[in-house]
Amino acid sequence: MRIVLISDTHGLHRQLNVPDGDMLIHAGDFTLNSKPPSIVADFNAWLGSLPHRHKVVVPGNHEFLLEEPPNRSAITNATLLVDSGVEIEGLKIWGSPTTPLYGGAFGRSNPDDRKRLWAQIPDNLDIVVTHGPPFAILDHSRSLERREGCPQLLEAVFRAFPRVHVFGHIHHGYGTLRTSDTIFVNASLLGDSGNLDRKPIVIDLQVR
């Protein structure tokens, strides 16, 4: 299955040239602080215009509107994952918007709270989608000296060993890292210019 991975489009989704594929995954921050409120409906309409037969979305720390469960029904053209999972054509996927960011949407600044949440990640997953990265994996800040990923998420991923872990949030971490067990992808597209300077990342994943 060809999977197109994007994240951190921050309201600029209509400027994006999305490659063809079987599945599109957006790892969060598709708005800029959920403003204007109509941006969620516009994002949903844009999703509906894309040809990918499957779409999966995880909110990010800018999606304050989606913290309220009733508002999540605005996303009708994708499977929205909030600490939950889905199986699509044999691929097992689990997603969460949680980051350690204090004051952001879906933020959990307490490490113990995050550890309890990440314990929910099942084993034998094909794809984990989180908005934020695990610690020390494609999570470097602009200075390249500071790591901003979640240590508790790293521990959980090294327990579960998904085939793919896609995330965003830390824009400067954009890229791919392959280990013997997992393909890690930071799919953040927003560049320093304030535009979508980076390209979606495409992977081919064999359905087991």
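Looking only at side-chain heavy atoms (C-beta outward), R159 and I121 come within less than 4.5 Å of each other. At least one side-chain heavy atom of R114 sits less than 4.5 Å from a side-chain heavy atom of P100. Between I25 and I3 the shortest side-chain heavy-atom distance falls below 4.5 Å. Considering only heavy atoms from C-beta on, H52 stays 4.5 Å or farther from M23 through its side chain. Between L66 and F106 the shortest side-chain heavy-atom distance falls below 4.5 Å. Looking at heavy atoms from C-beta onward, I170 lies out of side-chain contact with S141 at the 4.5 angstrom threshold. With contacts defined as side-chain heavy-atom distances shorter than 4.5 Å, the pair H169/E148 does not qualify. Annotation: side chain of P200 is in contact with side chain of L16 (closest heavy-atom distance under 4.5 Å).
Connection of L24 to V128 is not established within any shared hydrophobic cluster, with ILVMFWY side chains joined at heavy-atom distances below 4.5 Å, either directly or through further cluster members. Residues V207 and F161 are members of separate hydrophobic clusters, defined by side-chain heavy-atom contacts under 4.5 angstrom among Ile, Leu, Val, Met, Phe, Trp and Tyr. Linking Ile, Leu, Val, Met, Phe, Trp and Tyr residues whenever their side-chain heavy atoms come within less than 4.5 Å places V4 and I201 in a single cluster. Hydrophobic clustering, with ILVMFWY side chains joined whenever heavy atoms are under 4.5 angstrom apart, keeps F184 apart from L5. Residues V57 and M1 share a hydrophobic cluster, clusters being chains of Ile/Leu/Val/Met/Phe/Trp/Tyr side chains in contact below 4.5 Å.
Within the 6.0 Å centre-distance limit, the rings of H10 and H171 are counted as a close aromatic pair. For F43 and H26, the gap between ring centers is short of 6.0 Å. Ring centroid separation for the pair H172 and H140 does not come in under the 6.0 Å cut-off.
Separating the CZ atom in F167 from the OG1 atom in T130 is a distance of 6.5 Å, to the nearest 0.5 Å. Within the model, atoms CZ of F158 and CG of L153 stand 10.0 Å from one another, a figure rounded to the nearest 0.5 Å. How far CG of L205 is from CD1 of I183: 6.5 Å, rounded to the nearest 0.5 Å. A distance of 7.0 Å separates OG in S7 from CG in L189, rounded to the nearest 0.5 Å. The line from CZ of F64 to CG of N71 is 13.5 Å long, rounded to the nearest 0.5 Å. Atom CG of D42 and atom CD1 of I39 lie 5.0 Å apart (nearest 0.5 Å).
One finds a salt bridge joining R208 and D126 here, because a Lys/Arg side-chain nitrogen approaches an Asp/Glu carboxylate oxygen to under 4.0 Å. Using a cutoff of 4.0 Å between basic side-chain nitrogens and carboxylate oxygens, D181 and R163 are not scored as salt-bridged.
The environment of CG in N124 is sparse: at most 12 heavy-atom neighbours from other residues, nucleotides or ligands sit within 6.0 Å. Heavy-atom contacts from other residues, nucleotides or ligands closer than 6.0 Å to CG of D113 number more than 12. In this structure, R178 places its CZ atom where only 12 or fewer heavy-atom neighbours from other residues, nucleotides or ligands lie under 6.0 Å away.
A distance-only check finds a donor-acceptor pair linking the side chain of S193 to the backbone of N195 [under 3.5 Å]. Side-chain atoms of D83 never come within 3.5 Å of backbone atoms of S96 as a donor-acceptor pair (strictly under, hydrogens ignored).
Among pairs with a residue in residues 44-60, those fulfilling salt bridge (Lys or Arg N to Asp or Glu O under 4.0 Å) read D22-R53, R53-E89, at least two apart in sequence or across chains. Listed by first and then second residue, the side-chain hydrogen bond (donor to acceptor under 3.5 Å, both in side chains) pairs that reach into residues 101-112 come to none, sequence neighbours excluded.
Between L190 and L12, the shortest heavy-atom contact is CD1-CD1, 3.9 Å. Considering all non-hydrogen atoms of both residues, D8 and S188 come closest at OD1-OG, 3.2 Å. Minimum heavy-atom separation, L47 to A78: CD1-CB, 3.8 Å. Contact between K199 and Y174 at its shortest, heavy atoms only, is O-OH, 2.6 Å. Taking every heavy atom of both residues into account, T182 and P162 meet most closely at OG1-O, 2.6 Å.
Counted by atom type alone, E63 and T31 present one or more donor-acceptor pairs between their side chains at under 3.5 Å.
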L125 and I93: CA distance, side-chain angles, deciding distance, side-chain contact (heavy atoms from CB on, under 4.5 Å) verdict: CA-CA 6 Å; L125 283 172; I93 306 169; over 6 Å; no
Working for side-chain contact (heavy atoms from CB on, under 4.5 Å), residues R2 and V202: CA-CA 7 Å; R2 176 151 290 187; V202 180; 3.6 Å; yes
Derivation of the side chain to side chain donor-acceptor pair (under 3.5 Å) call for N61 and T99: CA-CA 7 Å; N61 59 282; T99 70; 5.3 Å; no
Residue pair T176, I203: steps toward the side-chain contact (heavy atoms from CB on, under 4.5 Å) verdict: CA-CA 10 Å; T176 301; I203 63 171; 5.9 Å; no
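Annotation: side chain to side chain contact (heavy atoms under 4.5 Å, CB included) contacts of V58 (sequence neighbours excluded): L81, P97, V129.
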